[in-house]
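Quick notes on the structure that follows.
From a predicted model like this one, the values you see are computed outputs, not experimental measurements. Throughout, protein chains are lettered first and strands after them, A, B, ... in sequence-line order, and every chain is numbered starting at 1.
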Amino acid sequence: MDILAGLNPEQIEAVTLPHRSALILAGAGSGKTRVLTSRIAHLIQKQGVSPHEILAVTFTNKAAREMTARISAMLPINIRGMWIGTFHGLCNRMLRAHHREAGLPETFQIMDSADQLAMVKRVIRSLNLDDEKYPPKQLQHFINGSKEEGLRPHDVSVYDTFTRTQQEIFSAYEAQCNREGVVDFAELLLRSFELLKRNEILREHYQTRFRHLLIDEFQDTNRLQYQWLKLLAGKDSAIFAVGDDDQSIYAFRGADTGNMRELERDFHIRDIIKLEQNYRSHGNILDAANALIRHNASRLGKNLWTSDARGEKLRFYQAPTDLQEAEYIVEEIQSLHSGGVPLNDIALLYRSNAQSRVLEHALFNASLSYRVYGGLRFFERQEIKHALAYLRLVHNPDDDGALLRVINFPARGIGAKTIESLQATAGGGSLWAAARGKGRKIDDFIRLIEAMQRECHGAALAETVETVIEMSGLKSHYLHEKDGEDRLENLDELVNAAALFESEGDPLVEFLSHAALEAGERQSGEGSDAVQLMTVHSAKGLEFHAVFVSGLEEGLFPHSNSRNEAGGIEEERRLMYVALTRARRRLYLSCAQSRMLHGQTNYNIPSRFLKEIPEELIQPIGIAEFGDAPASFSGKASPWRIGANVFHPKFGEGVVLACEGAEQVQVNFRRAGMKWLALEYANLIAI
DNA sequence: TTTCGGCGACTTTTT
DNA sequence: GTCGCCGAAA
């Protein structure tokens with residue numbers, strides 16, 4: 001098989017680059033994944049590189065799986081020696097192999113964000129601090145943020161009593177993690193980084209081994225991830241980084257596009273290859289996306305083009321209300337569908353999850369099947385978390401988080417008081433160690449866990465899981481609970497997953513890590529033909545025949561919270577860019593003049609992003625007519641209706657919020673904010 | 001100890 | 001509008 005067949009000249013250049021570090025700026029739909037996988041195949045097949053020398057890192061498990069699958073399809077060889085995975089997955093692998101050098105117990109476990117939050121809460125309480133003043137969420141953010149900067153508690157700069165306390169919480173949190181033998185997500189990275197940094201022998205081992213480091217979605221790396229990569233790269237290693245600064249939409253969680261410039265400098269990069277030919281969308285869609293993104297000042301600069309036809313114009317619909325917007329979308333979906341477009345090739349995108357409700361409702365009324373992405377994932381469900389907690393206890397009874405989760409679930413009459421006294425006596429040790437002889441109920445619990453340990457000793461993984469679900473009483477609890485059937489099914493599914501799970505070491509340890517690192521599918525029903533509903537964030541990397549971008553209103557998209565953040569609007573614009581470039585053939589943009597949000601009606605003006613798309617690319621559809629009733633409170637009709645878009649010579653654009661007879665209107669201006677205007681003097685023009 | 005009701009929050013998300 | 005958490009009552 002010819003790896004280079006069907007690639008364009010720039011792609012070929014990237015795939016066949018000589019052995020030195022390079023940065024590939026790959027625009028939306030430019031064949032990024034293909035270049036990455038072809039590069040690996042090329043290295044192995046044409047350059048005689050051993051899979052052993054290759055490390056490829058991605059952000060999501062899905063991307064890692066896809067990469068593995070594509071490479072296996074291209075090459076007839078065993079690629080097991082290759083390290084392909086997420087940053088966290090690879091760090092986990094490294095720490096398991098060198099747990100002693102990293103100062104971790106052999107069977108350390110991984111906490112997900114929810115476990116971490118619970119632990120932070122516990123620590124704050126154990127320090128007798130007020131969690132009103134020190135909100136656990138905020139502390140969690142502080143801890144993760146610090147770790148992502150590579151900082152341990154003693155590295156954190158303290159300039160007042162508040163940060164001093166934060167530091168103390170951080171410190172106590174670390175001590176607690178060490179006591180229990182658990183690590184959080186950021187810890188995986190930081191530990192692995194510190195291990196490489198301190199241990200010269202290991203560092204040199206990996207630096208000599210991995211001569212080829214390939215990174216997907218490089219624009220999404222944070223400081224620590226980049227530092228980790230830098231440590232891993234030896235004198236003889238080449239970094240092949242693929243990314244798109246225009247699609248960087250995760251700055252809010254620490255992603256730093258500055259890493260692209262640093263990479264250029266640190267690795268003396270001569271080759272920056274731009275992949276600008278787009279194989280996805282029609283011309284008008286790309287022109288719109290290009291025009292939009294040009295409004296961003298901080299860019300490396302790229303312009304997508306296509307040899308495809310211009311295609312249709314973008315369709316824009318402004319609805320009077322969010323309900324009517326949803327109805328319009330449903331009608332269009334129906335006509336697309338009857339025209340032969342499969343439902344699952346139609347996506348409905350929105351900025352925030354709260355917006356999906358109206359859309360779901362309209363789809364439901366029209367009996368169109370749909371699938372909403374987002375929400376609880378398999379390993380995050382409470383029944384699964386409970387079962388996993390029992391498994392964790394069987395494996396390591398000192399895991400306080402797991403113990404607290406299930407010591408009274410199903411209910412055993414061990415309440416807050418009992419647990420409090422237990423925590424008081426535990427001191428520096430684990431709750432488990434302090435539990436013996438603390439009353440009959442607790443002794444029963446201890447005996448239960450010990451019985452499980454005996455029962456599971458030497459058993460196969462699936463058997464262990466089944467035993468634990470049975471003996472813990474979870475099964476009978478959900479059996480007796482109304483609406484417990486789904487939960488029972490999920491528990492069965494967990495046994496299934498355990499039966500299918502393949503491991504190389506201790507199956508239980510690996511299964512528990514797997515559960516934390518890979519939270520599982522968001523929802524079942526993958527194959528069915530259904531309209532796809534999701535946030536723009538989760539649409540990244542996907543493409544559809546037709547895309548609806550809804551709720552294009554100031555305050556929603558761009559979101560009002562982004563206004564005050566540095567670079568906030570630019571990130572929102574990149575998000576919009578991602579939304580536009582998801583469409584292959586047809587793109588709908590829509591907004592509503594009034595919208596129910598958080599239980600009250602809001603009036604917004606259309607998003608600024610709509611203005612940033614050249615008018616000639618947009619075909620307006622049935623510009624909304626306003627409601628029938630004049631917006632008047634005093635009986636005298638106002639010439640303006642609530643929700644009308646107006647222009648004022650001094651204040652600019654705005655939207656009418658309220659009217660006072662024929663004399664006064666209240667307008668929310670895009671720039672000037674809220675104003676009451678006397679119509680006699682204010683020169684309002686309809687727009 | 002459990003259960004129920006009220007009150008507040010509420011952008012985006014992967015590991 | 002709805003979820004989740006916390007505090008008060010059964």
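At a non-hydrogen distance threshold of 4.0 Å, nothing from residues 501-512 of chain A comes into contact with DNA chain B.
Within the nucleic acid shown, A:Ile414 comes within 4.0 Å of sugar-phosphate atoms alone, with no base atom in reach, counting heavy atoms only. Using a 4.0 Å heavy-atom criterion, one finds that A:Phe59 contacts the sugar-phosphate atoms exclusively. The residue A:Asn408 sits close only to the backbone: its heavy atoms come under 4.0 Å of sugar-phosphate atoms, none of a base. Residue A:Asp112 is out of contact with every strand shown, counting any heavy-atom pair closer than 4.0 Å. Note on A:Thr418: only backbone sugar-phosphate atoms sit closer than 4.0 angstrom, heavy atoms only; bases stay farther off. Using a 4.0 Å heavy-atom criterion, one finds that A:Ala411 contacts the sugar-phosphate atoms exclusively. Contact annotation for A:Phe87: no contact, since no heavy-atom pair falls under 4.0 Å across all strands. Using a 4.0 Å heavy-atom distance criterion, A:Ser560 is classed as making no nucleic acid contact.
Computed from coordinates, the A:Met576 CE to B:dT11 P distance equals 21 Å when rounded to whole Å. In this structure, A:Leu556 atom CG and B:dT12 atom P are separated by 11 Å, rounded to whole Å. The separation between A:Gln140 atom CD and B:dT13 atom P is 16 Å, rounded to whole Å. Between A:Leu90 atom CG and B:dT14 atom C1' the separation is 15 Å, expressed in whole Å. Taking atom CD of A:Glu360 as the reference point, atom P of C:dG1 lies 16 Å away to the nearest angstrom. Distance, A:Gln247 CD to B:dT13 C1': 16 Å, rounded to whole Å. Atom CD1 in A:Ile249 sits roughly 8 Å away from atom C1' in B:dT12 (whole-Å rounding). Counting to the nearest Å, the P atom of B:dT11 and the CZ atom of A:Phe557 are 15 Å from each other.
You'll find that the side chain of A:Ser352 is closest to B:dT12, out of B:dC10, B:dT12, B:dT15. Comparing B:dT13, B:dT12, B:dT15 by their closest approach to the side chain of A:Ser538 singles out B:dT13. When each of B:dT13, B:dT15, C:dG1 is scored by its nearest atom to the side-chain atoms of A:Arg357, the top-ranked nucleotide is C:dG1.
Contact check on A:Lys475 versus A:Glu383 returns no salt bridge, with no Lys/Arg side-chain nitrogen under 4.0 Å from an Asp/Glu carboxylate oxygen. Between A:Asp444 and A:Arg440 there is a salt bridge, since a side-chain N of the basic residue sits under 4.0 Å from a carboxylate O of the acidic one. Under a 4.0 Å N-O distance rule, the pair A:Arg299/A:Asp246 qualifies as a salt bridge.
Aromatic stacking of A:His559 on B:dT11: satisfied, with centres closer than 5.5 Å and planes within an angle under 30 degrees.
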Given the rule in the ring pair (Phe, Tyr, Trp, His ring centres under 6.0 Å) test, do A:Phe108 and A:His99 qualify, once you have shown the distances and angles that lead to the verdict?
-> CA-CA 8 Å; A:Phe108 71 87; A:His99 63 90; 8.0 Å; no
Can you pull every protein N or O that's under 3.5 Å from an N or O on nucleotides 4-10 of chain C?
none

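OP1 or OP2 of B:dT12 has not a single side-chain nitrogen or oxygen of A:Asn561 nearer than 4.0 Å. For the pair A:Arg377 and B:dT15, the criterion of a side-chain N or O lying under 4.0 Å from OP1 or OP2 is met. Contact check, A:Asn353 against B:dT12: a side-chain N or O comes under 4.0 Å of OP1 or OP2.
Side-chain contact check for A:Val242 versus A:Phe218: every heavy-atom pair is 4.5 Å or farther apart. With a 4.5 Å cut-off on side-chain heavy atoms, A:Asp244 and A:Lys32 do not count as touching.
Screening A:Ser550, A:Ser594, A:Ser590 for a side chain to side chain donor-acceptor pair (under 3.5 Å) with A:Glu325, the sole residue that qualifies is A:Ser590.
For A:His141, there are no side-chain contact (heavy atoms from CB on, under 4.5 Å) partners, not counting sequence neighbours. Taking the salt bridge (Lys or Arg N to Asp or Glu O under 4.0 Å) definition, one finds that A:Arg152 meets it with A:Glu174, A:Glu187, A:Glu194, sequence neighbours left out. For A:Arg223, the salt bridge (Lys or Arg N to Asp or Glu O under 4.0 Å) partners at least two apart in sequence or on another chain are A:Glu262.
Residue pairs that meet the side-chain hydrogen bond (donor to acceptor under 3.5 Å, both in side chains) test with at least one member in residues 83-92 of chain A, sequence neighbours left out, are A:Asn92-A:Arg96.
Comparing A:Arg412 and A:Glu572 along DNA chain B, the residue whose closest nucleotide (by nearest heavy atom) sits nearer the 5' end is A:Arg412.
Side chain A:Thr535 to base B:dT13: no donor-acceptor pair is found below 3.5 Å.
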